[in-house]
Amino acid sequence: MSREFNYLSGTDADFNRVSPKYGLKETIATLTMLVPMIIVALVFAIIFTSDVPWLHAIWAGLVAFTVFLIVIIIRQAKAIGYAERADDLLIRRGIMFHKATVVPYGRLQFVDVDAGPIDRMFGLASVKLHTASAATDATIPGLPRAEADRLRDSLAGLGQANLAGL
């Protein structure tokens, strides 16, 4: 949890970060697609090196792109955070282009917790917030399963209490 001033919302907030396993999960998902492409490019470069010497540039470029992408994925995962405030939930994400979503508790219709097979392997889940307006729907990915369940129960209770106050 880090306390910092958020220029998007103009308030101090205690931001909870997603699990570090989320960055690892996203990295592995990316590598499962890019490593076979690198291997194929490398094999072609080795087989046809006498005919087409520039084929080595393709696999080297793919390796450089993969490293760049992994750095970006890990930084993006570290930039995701959420803060439970008195009347709303603040979700932020983004490295270069910052995005903050404010979801008032009174607008929550329902809260989902999703965990696919890969998420379950890493002990992660995503919390999806649904409101009457699709523009304010939000997702918090990469939470530990226990935290996702706690957040779902907390938000559902706060949403019901604030809805009753309208």
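Shortest non-hydrogen contact noted between G23 and A77 is CA-CB, 3.7 Å. Nearest heavy atoms, P141 versus V18: O-CG1, 2.9 Å. In terms of heavy atoms, G142 sits closest to L124 at O-CD2, 3.7 Å. Closest heavy-atom contact between M33 and P36: O-CD, 3.6 Å.
No chain of hydrophobic side-chain contacts below 4.5 Å, direct or via other Ile, Leu, Val, Met, Phe, Trp or Tyr residues, connects L24 to V35. Hydrophobic cluster membership differs between I38 and I28, with clusters built from Ile, Leu, Val, Met, Phe, Trp and Tyr side chains linked at under 4.5 angstrom. Clustering ILVMFWY residues whenever any of their side-chain heavy atoms sit less than 4.5 angstrom apart, transitively, puts I118 in a cluster other than the one holding I74. V71 is not connected to L62 by any chain of hydrophobic side-chain contacts under 4.5 Å among Ile, Leu, Val, Met, Phe, Trp and Tyr, and they are in different clusters. Both V63 and L55 are part of a single hydrophobic cluster, where members link through side-chain heavy atoms under 4.5 Å apart.
For the side-chain hydrogen bond (donor to acceptor under 3.5 Å, both in side chains) test, residues two or more places apart in sequence or in another chain that qualify with D114 are K128. Legend: residues meeting side chain to side chain contact (heavy atoms under 4.5 Å, CB included) with M121, ordered by chain and number and at least two apart, are absent. Partners of F44 by ring pair (Phe, Tyr, Trp, His ring centres under 6.0 Å), not counting sequence neighbours, listed by chain and number: F48. Evaluation of the side chain to side chain contact (heavy atoms under 4.5 Å, CB included) rule for L69 yields T30, L34, F65, I73 as partners, not counting sequence neighbours. Remark: T139 pairs with no residue by the side-chain hydrogen bond (donor to acceptor under 3.5 Å, both in side chains) rule, at least two apart or across chains. K21 meets the side-chain hydrogen bond (donor to acceptor under 3.5 Å, both in side chains) test with no other residue; sequence neighbours excluded. Among residues two or more places apart in sequence or in another chain, the side-chain hydrogen bond (donor to acceptor under 3.5 Å, both in side chains) test is passed with E147 by Y82, R150.
Using a 4.5 Å heavy-atom threshold, the side chains of R145 and V113 count as touching. The shortest distance between side-chain heavy atoms of V103 and D88 does not fall below 4.5 Å. Considering only heavy atoms from C-beta on, L31 comes within 4.5 Å of I70 through its side chain.
Among residues at least two apart or in separate chains, side chain to side chain donor-acceptor pair (under 3.5 Å) pairs with a member in residues 54-72 are T49-H56, H56-W59. The list of ring-ring contact (aromatic ring centres under 6.0 Å, His included) pairs with a residue in residues 141-161, not counting sequence neighbours, is empty. The stretch residues 22-33 participates, sequence neighbours left out, in these salt bridge (charged side-chain N to carboxylate O under 4.0 Å, His left out) pairs: K25-D119. Listed by first then second residue, pairs satisfying ring-ring contact (aromatic ring centres under 6.0 Å, His included) with a partner in residues 108-135 read F110-H130, not counting sequence neighbours.
Put simply, OH on Y105 and CG on L89 are 5.5 Å apart, with the number rounded to the nearest 0.5 Å. Atom CG of residue L129 and atom CD1 of residue I140 lie 5.5 Å apart, to the nearest 0.5 angstrom. Interatomic distance, N16 CG to I91 CD1, rounded to the nearest 0.5 Å: 11.5 Å. Between atom CZ of residue R92 and atom CZ of residue R17 there is a gap of 4.5 Å, rounded to the nearest 0.5 Å. Put simply, CD1 on I95 and NZ on K78 are 10.0 Å apart, with the number rounded to the nearest 0.5 Å. Rounding to the nearest 0.5 Å gives a distance of 13.5 Å between CG of L158 and CZ of R85.
With side-chain heavy atoms closer than 4.5 Å counting as contact, directly or through intermediates, the hydrophobic cluster containing F68 also holds I72.
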